[in-house]
Amino acid sequence: MHVLESMVNHGHERLSFTQDPETGLKAIIAIHSTVLGPALGGTRRWAYAHESEALFDVLRLSEGMTYKAAAADLPLGGGKSVILLPKPGEQPTEAQGRSMGRFVDSHGGMYIAAEDVGVSPQFCDWMAKESKFIMGGEAVSHGGDPSPWTALGCFNSMKACLRHLGKSVDFKSLTVGIQGCGATGYKLAKLLREAGAAVLVTDVHVPTMKRCVEELGCVALGNDRNLFAEKLDILAPCALGGILDHKTIQQLKCQVVCGTANNQLLHPDADGALLKQRGILYAPDFIANAGGLIRLGGLYVGLTEKRIDEKVAAIEETTLTVFKESSHAASTSDAAIAFAKRRIESVRKAKANAQPVGV
Ligand code: NAD
């Protein structure tokens with residue numbers, strides 16, 4: 001990968017690397033944009049097959065955070081960080097968390113870290129022992145686990161999908177398939193079951209899937225069945241990104257894709273257009289899954305709980321607006337990026353106009 005060229009093409013402001021011989025920490029922080037404010041985005045702990053995969057992930061995820069914050073109308077930019085694990089499932093330690101906290105702190109508040117895959121509120125608190133620029137902990141930093149707000153925002157986005165298709169907002173006759181029933185997927189399944197939907201679940205971790213069956217009455221899909229090829233009203237990808245490409249999109253038998261996973265489209269331009277061509281309504285991921293950012297970012301910038309709840313509810317209207325604007329766009333994904341970029345540009349212009357003329 002030509003790193004600087006990629007940064008130029010995607011508009012990233014800053015990319016930082018660290019390795020700490022004391023703790024073995026290897027990590028990358030990507031700041032995509034600080035036009036709207038400091039860049040808030042989770043820290044992901046993952047065993048990448050190659051360093052280039054980690055780099056690709058952090059660049060892509062940080063860009064998505066810029067659009068997520070802008071579309072949610074938050075005074076925040078976009079950033080993300082990844083910790084490269086030597087092997088899958090390596091347990092987090094306080095030493096690693098504190099080392100990551102020092103790395104975050106070295107950015108002087110331009111980057112604010114929080115949870116992502118592999119990072120718990122406890123890990124956030126370990127990071128927060130070294131930096132005040134951490135959200136998502138429960139003792140040292142605050143905000144806690146954002147996944148209930150992410151799941152609720154996604155549920156609100158699903159309502160917009162039904163409205164856009166001219167259907168009544170009634171989940172009782174619907175079948176929803178959830179890929180990945182971890183922190184967000186489980187809570188989304190709970191909301192859907194409470195609303196009366198039938199819910200099919202898959203998860204590579206069998207006990208996680210069993211919990212949904214036993215506690216919520218979901219149906220677990222056996223290894224012989226492929227969720228993406230099931231006849232569904234809504235498919236909710238709630239695991240990792242990059243799962244929608246020309247192959248999986250051709251298999252889909254659902255009317256709507258709306259889930260919590262980040263970066264669901266492997267190739268956003270081509271895959272977004274293919275979904276539109278196939279008549280499948282795609283709720284852009286960074287609109288549908290913004291609830292967690294609204295919660296932690298909202299607390300960071302001083303919003304009240306009431307205002308945060310209103311903004312999570314507003315995800316329904318934002319999704320609808322983007323769908324309306326997508327009638328002239330190549331895809332709903334393109335329309336969502338254009339919607340977010342418009343907000344960023346208006347702030348950039350306002351800031352430029354407010355600059356004093358040079359002496
Ligand atoms: P999680 O780790 O709690 O849950 C993910 C689940 O997916 C796990 O149970 C895992 O076993 C399962 N999984 C992994 N690969 C799978 C596969 N191929 N098929 C089926 N299941 C698989 O993570 P989470 O917090 O629920 O986040 C899920 C996604 O949502 C991620 O992409 C994350 O970046 C995104 N997201 C999360 C939040 C949040 O508030 N947690 C906010 C915004 C976006």
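Just follow the structure's listing: the first ligand is 1, and inside any ligand the first atom is 1.
- Using a 4.5 Å cut-off on side-chain heavy atoms (C-beta onward), Met158 and Leu192 make contact.
- With a 4.0 Å cut-off on non-hydrogen atoms, Glu115 does not touch ligand 1 at all.
- Within ligand 1, counting atoms from 1 as listed, the ones closer than 4.0 Å to a heavy atom of Ala183 are 1 (P), 3 (O), 4 (O), 25 (O), 26 (O).
- Under the side-chain hydrogen bond (donor to acceptor under 3.5 Å, both in side chains) test applied with Tyr111, the options Ser106, Ser131, Ser81 reduce to a single match, Ser81.
- Of the protein's non-hydrogen atoms, Asp203 OD2, 3.5 Å is the one closest to atom 8 (C) of ligand 1.
- In this structure, Glu63 does not pair ionically with Arg60, as no charged nitrogen and carboxylate oxygen lie closer than 4.0 Å.
- Glu115 is listed as a side-chain neighbour of Leu296, based on a closest heavy-atom distance under 4.5 Å.
- Closest heavy-atom contact between Val201 and Cys181: CB-SG, 4.0 Å.
- Under 4.0 Å from ligand 1, heavy atoms of Asn289 appear from its side chain as well as its backbone.
- Looking at Asp116 against ligand 1, only its side chain comes within 4.0 Å, counting heavy atoms.
- For atom 31 (C) of ligand 1, the nearest protein heavy atom (residue, atom name, distance) is Ala239 O, 3.0 Å.
- Counting the atoms of ligand 1 from 1 in the order shown, those under 4.0 Å from a heavy atom of Ala261 are 29 (C), 30 (O), 32 (O), 35 (C).
- Of all atoms in ligand 1, listed by their number and element, those nearer than 4.0 Å to a heavy atom of Lys68 are 43 (C).
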